[in-house]
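Throughout, a chain's letter reflects where its sequence line sits, starting with A, and its residues are numbered from 1. Predicted model only: the values in this text are computed from it and were never measured.
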Number of protein chains: 2
Amino acid sequence: MKTEKISEFTVSRLSIYLRCLNLLAASGVTTTSSQALAQQFQLNSAQIRKDLTYFGEFGVRGVGYNVAELRQQLSKILGLDLIHRIGIIGAGNLGMALANYRGFDPSHFQVAAMFDRDLSRVGETSRSGVYVYHIKDLKPIVASENIRIGVICVPADDAQEVANLLVTAGITAILNFAPVRVHTDPKVKLKSIDLAISFESLSYFVAKPAQAQAESRKFVPHAAGEIVSD
Amino acid sequence: MKTEKISEFTVSRLSIYLRCLNLLAASGVTTTSSQALAQQFQLNSAQIRKDLTYFGEFGVRGVGYNVAELRQQLSKILGLDLIHRIGIIGAGNLGMALANYRGFDPSHFQVAAMFDRDLSRVGETSRSGVYVYHIKDLKPIVASENIRIGVICVPADDAQEVANLLVTAGITAILNFAPVRVHTDPKVKLKSIDLAISFESLSYFVAKPAQAQAESRKFVPHAAGEIVSD
DNA sequence: AATTGTGAATTCCTTCACAGCC
DNA sequence: GGCTGTGAAGGAATTCACAATT
């Protein structure tokens, strides 16, 4: 394994590779190659190999990759051998939807608690069984529930304040859904999904159909907005 | 204006610039400069200028930019002088949350209809007043409601089928929230927000705190997963 | 004097192409 | 023969730095 910097692009692609391998494993494939993966899932084989070799030499020349082994390696690299405890701040539509979201595996990601400042929401429980605490209890609950990831689902005007609270509470990573740029301690990994920017980008392409199709890359990881770790 | 290809990165930043300008306008600022914007909002002034000059020469040398004029220009470029009619497919948690989402201006984006194949959801209405139709009525409702943007909020296994239906219904752009890569006609603008990838990227950085902070760019537009127009 | 618009330099990301190995 | 791992090439995006302009 090298000590080179791993880009956000590479990390996102690892997720995609793992997803592809899971599909292959489910259909009983035990061995594959970068070319086979590339062809089946419309990726570039050299990129797959390059991404993987940042973390080790998982393949066998002339043969390819063992599906089971590579799945396990990628799971490990992505930290999916751990259980991540998540706290959602803002128990509105989006926060509730995320608490109930079934798109990710509950053996890796668990929404442990929600928080809101609105007393009418405090004491509620999501359909999936997540309790809504008052925001003033953020710090002790983060500690007692072992929460490492905070998800900001409050309006733009409150996002920075919530980010500050999360940092103070000792969170490790933040996923921000508020349509605003927030700033945090560099030790906290911050990532944003900005729905307003996503829709406005679509708007641009809808409004300009001629130019719209010309550009665009095959793959761009992440949330509209920003990825910041400082 | 040049006929160069405009990158997805640039388009996303235009949204950010517009947002910054809106804040400046709200606080009564009438003139600004790329340096002032860069400093206040942590951007790079050369990048702002370069992004803007893809679309025209909006500034005055030695003076800067007129806030009101630049806002209007950016709104126009981003197609925000139009009203975008949106259809959401999948009236589950996420679909409902988006139908009720208040993060974008209803004078630019209107959720006109939702669709589901589950009869128990058909006939419901979101809190914001959006009716849920049966998916079999997609095509006629898309036409009658003048829907141009389709938002996929169904499980991964159904996403490709829904994408096909949307293309057949004559949609112009698709925003895909399903954690899977979908393929469409190249004439349709496709963009994905992959929450599973976003969380897995955070997982990577939570699991590897040492390396985690080293890399990462200041700004990466878009959804985890992919941006595809083909 | 100040700030834009932009060619040049730089940095980063992707793809090519092949030596090395099974 | 076939496939990996990787140096080198190519392409994109960002930033620098300055000539042009008011």
Distance-only donor-acceptor test (3.5 Å): side chain B/Arg61, base C/dT4:
yes
Side-chain donor/acceptor of B/Lys50 to base of D/dT15, under 3.5 Å
yes
So which nucleotide from [options] ends up closest to the side chain of [X]?
X	options	answer
A/Arg49	D/dT4, D/dT22, D/dA13	D/dT4
B/Phe9	D/dT14, C/dT15, D/dG5	D/dT14
B/Ser33	D/dT4, C/dT4, C/dC16	C/dT4

Most 5' of A/Ala46 and B/Thr32 on DNA chain C, judged by nearest nucleotide:
B/Thr32
Nearest heavy atom decides the nucleotide; on that basis, is A/Asp51 or A/Val63 closer to the 5' end of DNA chain C?
A/Asp51
Using a heavy-atom cut-off of under 4.0 Å over every strand shown, decide if B/Gln35 touches base, sugar-phosphate, or nothing.
base
Heavy atoms only, 4.0 Å cut-off, all strands: where does A/Ser45 land among base, sugar-phosphate and nothing?
nothing
Do A/His108 side-chain atoms and A/Ser75 backbone N/O form a donor-acceptor pair below 3.5 Å?
no
Taking A/Phe199's backbone N and O only, do any of them form a donor-acceptor pair with A/Ser203's side chain (distance below 3.5 Å, no angle check)?
no
A/Val206 vs B/Lys189 side-chain heavy atoms within contact, under 4.5 Å
no
Heavy-atom side-chain contact between B/Gln72 and B/Phe58 under 4.5 Å
no
Using atom [atom1] of [X] as one end and atom [atom2] of [N] as the other, report the distance to the nearest whole Å.
X	N	atom1	atom2	answer
B/Leu70	C/dG5	CG	P	10 Å
B/Gln47	D/dA12	CD	P	17 Å
B/Glu8	C/dC13	CD	C1'	17 Å
A/Leu37	D/dC3	CG	C1'	13 Å
B/Gln42	D/dT15	CD	P	13 Å
B/Ile6	D/dA12	CD1	C1'	14 Å
A/Gln73	D/dG5	CD	C1'	16 Å
B/Leu43	D/dA13	CG	P	18 Å

Under 4.0 Å between a side-chain N or O of B/Asn44 and OP1 or OP2 of D/dC16?
yes
Within the pair B/Tyr65 and C/dG5, is there a side-chain N or O less than 4.0 Å away from OP1 or OP2?
yes
So CG of A/Leu195 and CZ of B/Phe177: to nearest 0.5 Å the spacing works out to 5.0 Å
